[in-house]
Amino acid sequence: MKTHSNHPFHLVDYSPWPLTGAIGAMASTSGMVLWFHKNEMYLLWMGTAILLLTMYQWWRDIVRESTFQGKHTIKVINGLKMGMILFIISEVFFFISFFWGFFHSSLSPTVELGMTWPPKGIKTFNPMEIPLMNTMILLCSGITVTWAHHSMMESKFSQVKISLIMTVILGVYFTALQAFEYLESSFCISDSIYGASFFMATGFHGIHVIIGTTFLLVCLMRHLKFHFTSAHHVGFEAAAWYWHFVDVVWLFLYISIYWWGS
């Protein structure tokens with residue numbers, strides 16, 4: 001097997017995970033159709049299990065390649081950073097579509113909505129209660145993840161650990177408060193365009209918070225295993241960028257949907 005190359009790029013080894021990931025995605029989407037129409041969830045659970053196992057093993061391989069085999073050169077790291085930036089840009093446009101739909105309906109309410117916004121019968125959330133609390137939680141988490149990033153660049157192991165633990169706790173706290181808010185809601189996703197816009201935008205943001213919290217939790221575990229150095233921590237850097245993106249999206253959600261839209 002060839003162990004040396006005359007170029008700085010990483011040509012990945014043969015891997016079964018793209019195939020198993022595709023099988024898991026197909027099983028999950030087919031399982032959702034089965035769940036919606038026949039209320040049977042076995043295929044959905046199977047697809048979800050395949051996806052979770054694939055993600056764990058695929059990312060395990062990437063960690064091995066970067067941390068233990070030294071295959072992530074400067075060129076590869078720059079490529080990974082550019083890929084993460086492009087991914088976040090695509091996520092920005094994903095959320096722009098929700099804001100577009102919300103403002104399209106709210107700035108010019110149709111006759112079917114009673115030509116008022118919020119539509120008649122919708123009791124909106126008080127933006128000064130849980131939504132404001134969640135805003136402060138995410139702003140504080142942005143501070144703690146920045147603290148972790150700077151501490152990592154300065155090789156302060158214990159400060160990285162403390163700040164990452166704080167960030168993960170704040171992320172879990174945000175998710176718990178949003179779940180409580182959903183349980184207490186007086187309207188649902190089928191209550192006019194307001195319910196659809198509210199739950200689609202805040203719900204997808206909530207999923208992104210869960211994903212970002214998982215990213216940071218994995219980074220915390222890797223940090224405790226001494227996988228990161230002050231010069232080599234692209235995995236954590238990508239997670240921090242993603243978390244800042246989640247913070248900024250929430251600020252727009254709070255200002256537009258919770259405060260102005262109510």
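Only heavy atoms go into these numbers, but all of them, side chains included; no hydrogens, no water, no symmetry mates.
Taking each heavy atom of Cys219 and Phe228 in turn, the nearest pair found is O-CE1, 3.4 Å. Across Pro119 and Tyr194, no two heavy atoms sit closer than the pair CD-CB, 3.7 Å. The two residues Phe215 and Ala239 have their closest heavy-atom pair at CB-CB, 3.9 Å. Closest approach of Leu51 to Gly21, counting heavy atoms only: CD2-O, 3.5 Å. Leu44 approaches Ser28 most closely through the heavy-atom pair CD1-O, 3.5 Å. When all heavy atoms of Pro131 and Trp250 are compared, the closest pair comes out as O-CZ2, 3.8 Å.
Checked by atom type and distance alone, the side chain of Gln57 pairs as donor or acceptor with a backbone atom of Leu53 at under 3.5 Å. Counting only distance, with no hydrogens or angles, the side chain of Ser105 and the backbone of Gly101 share a donor-acceptor pair below 3.5 Å. Side chain of Asp191 to backbone of Cys188: a donor-acceptor contact under 3.5 angstrom is found. With hydrogens and angles disregarded, no donor-acceptor distance shorter than 3.5 Å links the side chain of Ser163 to the backbone of Trp147. In this structure, the side chain of Ser30 does not engage the main chain of Ala27 through any donor-acceptor pair within 3.5 Å. Side-chain N or O atoms of Ser185 include none that pairs as donor or acceptor with a backbone N or O of Glu181 at under 3.5 Å. A donor-acceptor pair is defined here as one N or O able to donate and one able to accept, closer than 3.5 Å; no such pair exists between the side chain of His149 and the backbone of Ala240.
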Just do the side chain to side chain contact (heavy atoms under 4.5 Å, CB included) check on His232 and Ile77 with the steps written out, would you? CA-CA 9 Å; His232 193 101; Ile77 288 172; 3.7 Å; yes
For Thr67 and His72: C-alpha separation, side-chain torsions, deciding distance, then whether side chain to side chain contact (heavy atoms under 4.5 Å, CB included) applies. CA-CA 8 Å; Thr67 308; His72 284 193; over 6 Å; no
Walk me through whether Tyr254 and His205 qualify under ring pair (Phe, Tyr, Trp, His ring centres under 6.0 Å). CA-CA 11 Å; Tyr254 176 74; His205 177 269; over 10 Å; no
Take Phe102 and Trp117, measure what side chain to side chain contact (heavy atoms under 4.5 Å, CB included) needs, and give me the verdict at the end. CA-CA 11 Å; Phe102 174 79; Trp117 193 266; 3.6 Å; yes
Salt bridge (charged side-chain N to carboxylate O under 4.0 Å, His left out), that's the test. Do Glu40 and Lys38 meet it? Break it down for me. CA-CA 5 Å; Glu40 296 176 357; Lys38 293 192 174 182; 5.8 Å; no
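Rounding to the nearest 0.5 angstrom, the gap separating the CD atom in Gln69 from the CD1 atom in Ile62 is 12.0 Å. Between atom OG of residue Ser66 and atom CH2 of residue Trp59 there is a gap of 13.5 Å, rounded to the nearest 0.5 Å. Separating the CD1 atom in Ile137 from the CG atom in Leu132 is a distance of 10.0 Å, to the nearest 0.5 Å. Here the CD1 atom belonging to Ile88 is positioned 10.0 Å from the NE2 atom belonging to His244, to the nearest 0.5 angstrom.
Other residues, nucleotides and ligands place no more than 12 heavy atoms under 6.0 Å from the CE atom of Met115.
With hydrogens and angles left out, the side-chain atoms of Ser141 and Thr167 include no donor and acceptor closer than 3.5 Å. Side chains of Tyr182 and Thr202: a donor on one and an acceptor on the other come within 3.5 Å. Of the N and O atoms on the side chains of His208 and Glu91, at least one donor lies less than 3.5 Å from an acceptor on the other residue.
Here the rule is ring pair (Phe, Tyr, Trp, His ring centres under 6.0 Å) with Phe125, and of Phe198, Trp259, Phe180 only Phe198 fits it.
Considering only heavy atoms from C-beta on, Ile169 stays 4.5 Å or farther from Met166 through its side chain. Taking the side chain as every heavy atom from C-beta outward, Glu237 and Met84 never approach each other to under 4.5 Å.
Using the six-membered ring where Trp is involved, Phe99 and Phe103 have ring planes that are parallel, under 30° apart on the 30 and 60° scheme.
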